[in-house]
Every structure is written in C-alpha cells, then in structure tokens.
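Have a look at the structure below, then the notes.
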Amino acid sequence: MPPGPGPLTAAVVDLAAIAERSYDPRLAEVGRRCLDRLRIPLSIALVGRVSTGKSTLLNALLGRKMAPTDGRECTQIVYVFRYDPHTTATLVSRAGSERTTVDLDDRSRLPADFDLPASEISYIDVTMPLPLLEEVTLLDTPGLASAETQNSAATERMLHDTEESAARADALLFCVNGPIREDEAAAVRAFSGSRGAKRLSGATAIGILTRADQVAQDPLSSWTAATGLARDMAARNTELFSTVVPVVGLLAETAETGALREPHARALGELARAWSPDVAHDALASPMMFREEGGPVEGPVRTELLDLLGQFGVGRMLDRIRSGTRPDVVSLTREAAAASGLAAMRTQIRRSLGSRSDVLKASGALEELMESAYDAGDRSLYDAAQSMLDRPEMFPLKVIGMGRQLATGEVKPPAGLVEQAWITVQTGLPRTTKAEASRAAAEWKRWAELTDSAGQRLARVMVRAWQLAAESKSGEGPP
Ligand SMILES: Nc1nc2c(ncn2[C@@H]2O[C@H](COP(=O)(O)OP(=O)(O)O)[C@@H](O)[C@H]2O)c(=O)[nH]1
Ligand SMILES: [Mg+2]
C-alpha cells in the first residue's frame, strides 16, 4: 500500500482547500466533503439491482457477516465500511447529521433495526481494523429497484441514496445476475441520467456477475455458463464495465466468514458416501428434492447446507469429497473458497482499480469540485482546476474524463477510433513505433476537423496518448 496520498490526489487536495475557504456556503461544503474524501483510501460502492447479492459479497470481502443480507427488510440504507484500529458503528441521521453509537450484538454484528426509521437515517458508519480497509473504503447501497417495483417513497429514497453514494465513490462494483435484461436496462438507464451515472463508465466500473451459481437452469453447470456469459457481457458492454467477473457470493461469504461448522462437514461426508453421483445430481435439481431425497442427514441440517452453500455449492462439495477431499471444516472451507471465484475477482479488482487508485481518487473529486465551482460561478477556482488539468502530469485524469465522454455518448468517434479510445481508458495504449503512433495521431487529427468541440477535446487527448505511447520506448519499435 502506498503511504499517503498519491501526487495527483495531493494536487486536488490543494484545490479542495481553496474551495473550502469559499464565501459560497455550498462550494465550501463541497470543498470540505472533497477533503474528507481525498483523505480516505479509494472508495468503492457496490451498486446494482436489489437482491443481486451485493451485501453477501461485501461480507465475503470483509470476512465477517456485518451487512444484513436478506432482501426483504434489509439494506434500506447506505453502510460505509472504513478503517480504524477499533470496531465501531455509528448512525448518522439525515437531519443535522447527528451521530449516535450503534451497539453491535454479542457476535459483533450490526443489528437489523435501529432507533430511527430508515427514512431518517443518512448512513451507518462502520469502522473495522481490517487490512483491506486500509486500502479501500467500501459502501453497501440499497440498490436500484427494478422497473416492476412500485415507485413508493421508500424505493425512491433507496434509489436516491444509491445514486448519491455512487456519485461520491471513486469507483463502482456494479452487480448483475445475468445479461442486462429489459427491466435491468431500465434501471441502468434511470441510473444513467443521475449524478451517480458519471461513475458508471468502463473507466471506473467493474461488472460483477454475482450469484453465478444460479445463471443456468442446472446448478451444476452454472459456473461454466457464468464464465462464458461474463466474457460476453464484458465484450458487449465496454462503455459500462472495464471487465465482468463471475463470483458465487454465497460460497465466498460462507468460506470467508468461517460459517461452515463440524456438523455441516460431517453431513456432507455422509451424503457423499450414501449418494451416487447420479442420485446427487437429481437431488440437487431443486431445494425441495434435496430435502426429500432418501438417505442420511436430517431435514434441518439439509436446509442449513442449502442456506450456506446453495445447490451448486453442495454439489461441488459432494464431488470434491468423492475425489478425495476430507470431509472436515478446514478442507471444505478451502474448497468453498476455491469454488466461489472470489480470489480471481479480488485480483481483477486490484488490477483494474487498485493500481489506479491515485488517478481515480483525484479524478472523482476534481470533477465534483469543477462542477460546483461552475455552478457557484467561481471562475477563478474553475480556471485553476482547468489549468491544473492541463499540466502534463495530470494527463491520466484527462484519460478518465475521456471514458466519461464516451460512456455518456457525449462523443461518438467512428469505428476503429472508438476502440482505440476505450483501450486507452481501460489499459492504456501499447508501446509502439514512432511511425505507427504518428499515423494513428494523424487519423485523430483528421477526425477532429469533422467533429464538435467535445469531440476535439477527446481527439487532443488521443493525439497526446499516442505521443506518449511512442515516447515510452524512445522511438524504437517493441522488442
Ligand atoms: N445461491 C446464491 N444465493 C445468493 C448469492 N448471493 C446472495 N444470495 C442470496 O440472495 C439474497 C439477496 O442477497 P443480498 O446480498 O442481500 O442482496 P443485495 O440486496 O444486493 O444486498 C439472499 O437471500 C442471499 O442469500 C449467491 O452467490 N448464490
Ligand atoms: Mg444489500
């Protein structure tokens, strides 16, 4: 973990400090908020439709079942998880931002109910001494309601809170359960018109195909289906996601929180011995058949197995035991973790977001500052931000801005050029020869003559990107 803020973040801190001293109370408030935000590690919000498995995944990442996961009454409010040497939970009220301590239960978990109704809670601020939280701050959001849901006051508020969190986060994990369906597309479109949508671009959002065990009809073949689907979705939604990764959040949560106990391991061992692969396959076709199939292990324990592992997970455990894995807690927890895909997801997040932490943080806050300076008519702050952006070392911020221009459809370069632009946003251009780079740059300059001023701004960024790509190998071709 890099100590202190990166160079880009540090530059934006200076601007935020100027905003904080503004006579305009709204601009001063934005300045204060940006300073707070720049001081904490990269903030990542989990967004997506209700019940896509956001809180389950969050618990897996924390290694503790902190966030409520139940769909019905839960996650009606925003939870912020950040680092502190002590575990604490504080309720921040909407009115007056009053803070009251929330008592954790005897297993150090968050309670399901609070003294205030959800409509009066701004968010729950949770601190924990986890190494992960030294690197990122995580936000659990209620989520986007589906188009079928009535627009009750509660769902309106949940949507609004989710959008606000997304707008203030540096990056998003956008959770989906399958191809973006029509009702989901509607939710994404509703989101696209909001402040939070600015974050929803391939530069700052990773698609997470959660509940990957439920993608296919047959739970046992679901993981393979999910892997293919994730690859497809990434290819089809470059404007939304830098990548799409499948994960079985439920298995990850069970493994990472150590929820599997000795009776579960023993029960899985007994079922593996009693059932042939064919019998197990048929029994795992539905929860009801699993509970009713003859053999050892009482009904309540079978239900617990389904709650902890799902049909896919139980099937996977039985397979592994038949192939020689010992039916004990340690071995099966390890198998559950391996089957969940969590490790690959972590690697992907680190690659897409972690390594660009400084750029993403600086970019998010700078955008908010510039917008507010513009709204407040503070010309000098706006100009200062603009000239800061024009400094050569700030170039990565312009690249992120380009991702936003592309994602919102503000600029539409022609085929051939648009792919180049997305590659630049997501991974940067490859090293190249001077000749190749100047050919590409010339193409962008030609297009710039045909487009509007927003397009010209983007073309200038691409011309510069090609120059840098050529310079990175002192003019010679790649080895
Ligand atoms: N089978 C299965 N169920 C899951 C998975 N992830 C979450 N769920 C279940 O889906 C429901 C909603 O999950 P939750 O995390 O609360 O969704 P959220 O509304 O997006 O936060 C809960 O009943 C979870 O147990 C998964 O990977 N597999
Ligand atoms: Mg939730």
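None of the values given here were measured: they were computed from a predicted structure. The basis for the numbers below is simple: all heavy atoms, side chains too, and nothing from hydrogens, waters or symmetry mates. Numbering of ligands and ligand atoms starts at 1, following listing order.
- When heavy-atom distances to ligand 1 are checked against a 4.0 Å cut-off, Asp213 comes that close only through its side chain, counted from C-beta outward.
- For Thr127 and Thr88, the side-chain atoms include at least one donor-acceptor pair closer than 3.5 Å.
- For Gly143, the closest heavy-atom approach to ligand 1 does not fall below 4.0 Å.
- Taking backbone and side-chain atoms together, Thr56 has no N/O/S atom less than 2.8 Å away from the Mg ion (ligand 2).
- Of all the listed residues (Thr69, Leu46, Val50), Thr69 holds the heavy atom that lies closest to atom 16 (O) of ligand 1.
- Polar contact with ligand 1: absent for Asp140 (N/O pair, distance under 3.5 Å).
- Distance CD/Gln311 to CG/Leu284: 6.5 Å, rounded to 0.5 Å.
- Atoms OH and CG, on Tyr123 and Leu139 in that order, are 9.5 Å from each other to the nearest 0.5 Å.
- The shortest heavy-atom contact between Val78 and Ser122 is CB-O, 4.4 Å.
- Residue Val247 has no nitrogen or oxygen atom sitting less than 3.5 Å from a nitrogen or oxygen atom of ligand 1, judged on distance alone.
- For ligand 1 and Val248, the ligand atoms under 4.0 Å from any heavy atom of the residue are 27 (O).
- Of the N or O atoms in Thr210, none lie within a sub-3.5 Å distance of an N or O in ligand 1.
- For the residue pair Thr52 / Asn177, no side-chain donor-acceptor distance below 3.5 Å is found, with atom types taken as modelled.
- Side-chain contact check for Leu57 versus Leu342: some heavy-atom pair is nearer than 4.5 Å.
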Hey, can you pull the donor-acceptor pairs under 3.5 Å for the side chains in residues 287-302, sequence neighbours left out?
{"residue": "Arg302", "atom": "NE", "partner": "Val297", "partner atom": "O", "Å": "3.0"}
{"residue": "Arg302", "atom": "NH1", "partner": "Phe290", "partner atom": "O", "Å": "2.8"}
{"residue": "Arg302", "atom": "NH1", "partner": "Arg291", "partner atom": "O", "Å": "3.4"}
{"residue": "Arg302", "atom": "NH1", "partner": "Glu293", "partner atom": "O", "Å": "2.6"}
{"residue": "Arg302", "atom": "NH2", "partner": "Glu293", "partner atom": "O", "Å": "3.1"}
{"residue": "Arg302", "atom": "NH2", "partner": "Gly295", "partner atom": "O", "Å": "3.4"}
{"residue": "Arg302", "atom": "NH2", "partner": "Pro296", "partner atom": "O", "Å": "2.7"}

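- With respect to Glu29 and Arg32, a salt bridge is recorded, a charged nitrogen being found less than 4.0 Å from a carboxylate O.
- The N/O atoms of Gln214, backbone and side chain alike, include one that comes under 3.5 Å of an N/O atom in ligand 1.
- Atoms of ligand 1 found under 4.0 Å from any heavy atom of Gly249, numbered from 1 in the order shown, are 27 (O).
- For Gly310, no nitrogen or oxygen atom sits less than 3.5 Å from a nitrogen or oxygen atom of ligand 1, counting backbone and side chain alike.
- Checking Gly341, Gly313, Ser51 against atom 18 (P) of ligand 1, the nearest heavy atom belongs to Ser51.
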